[in-house]
Amino acid sequence: MNTFNMIYDVVKKIPKGKVATYGQVAALAGNRRWARVVGYALHANPDPENIPCYRVVTKDGKPSNAFVFGGINEQIKLLEKDGIEFKDGVVDMEKYQWDTPMI
DNA sequence: CAGTTGACGGCCC
DNA sequence: GGGGCCGCCAACT
């Protein structure tokens with residue numbers, strides 16, 4: 001169970017129609033300070049089919065400025081397909097942020 | 001082995 | 001309100 005593995009596990013548990021912030025994923029993975037590591041882990045993304053990295057956004061509810069898995073537009077498209085509403089490129093965190101009971 | 005960087009977050013100026 | 005800096009851990013060079 002590496003740090004990466006825990007992070008991936010958390011990301012994979014993000015329910016459809018919800019999004020999580022990097023910090024939140026890090027907190028769920030075990031440490032809040034892993035925010036950067038989470039970013040790195042998702043960048044590595046060894047299994048994109050099971051790791052919906054597009055559901056992980058910054059605290060602002062915006063996708064990372066270096067999202068390069070197909071383009072920002074593609075990420076927004078995928079999120080909207082999940083039922084997540086985008087407004088001016090940002091998600092309504094109050095409504096769509098993953099409500100984790102374990103945090 | 002040591003130094004630097006990195007899909008971030010939070011605080012300070 | 002906006003911009004910049006520091007800090008955290010792990011991976012990469």
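The basis for the numbers below is simple: all heavy atoms, side chains too, and nothing from hydrogens, waters or symmetry mates. Numbered from 1 within each chain, the chains take letters A, B, ... in sequence-line order.
Side-chain N/O atoms of A/T21 include none lying less than 4.0 angstrom from OP1 or OP2 on B/dC8.
Atom CD1 of A/I84 is separated from atom CD1 of A/I76 by 11.5 Å, given to the nearest 0.5 angstrom. Rounding to the nearest 0.5 Å places CD of A/Q97 at 10.5 Å from CG of A/D92. Atom NZ of residue A/K16 and atom NZ of residue A/K81 lie 8.0 Å apart, to the nearest 0.5 angstrom. The line from SG of A/C53 to OH of A/Y8 is 10.0 Å long, rounded to the nearest 0.5 Å.
The backbone N or O of A/V90 lies less than 3.5 Å from no partner atom in the side chain of A/D88, so there is not a single donor-acceptor pair. A donor-acceptor contact shorter than 3.5 Å is absent between the side chain of A/Q75 and the backbone of A/P63.
Rounded to an integer number of Å, the gap from NE2 of A/H43 to P of B/dT5 is 15 Å. Rounded to whole Å, atom P of B/dG6 lies 18 Å from atom CD1 of A/I7. One interatomic measurement links the two molecules: CG of A/L28 to P of B/dG9, which rounds to 13 Å at whole-angstrom precision. A/Y22 places its OH atom 6 Å from the P atom of B/dC8, with the value rounded to the nearest Å.
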Protein-nucleic acid N or O pairs under 3.5 Å, nucleotides 10-12 of chain B:
unit_1	atom_1	unit_2	atom_2	d
B/dG10	OP1	A/R32	NH2	3.0

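Annotation for A/Y96 and A/G83: closest pair CE2-O, 3.5 Å, computed over non-hydrogen atoms. For the residue pair A/I14 and A/A20, the shortest heavy atom distance occurs at CD1-CB, 3.8 Å.
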Under 4.0 Å protein heavy-atom contacts per nucleotide of nucleotides 8-13 of chain C, with B for base, S for backbone only and - for none: BBSSS-
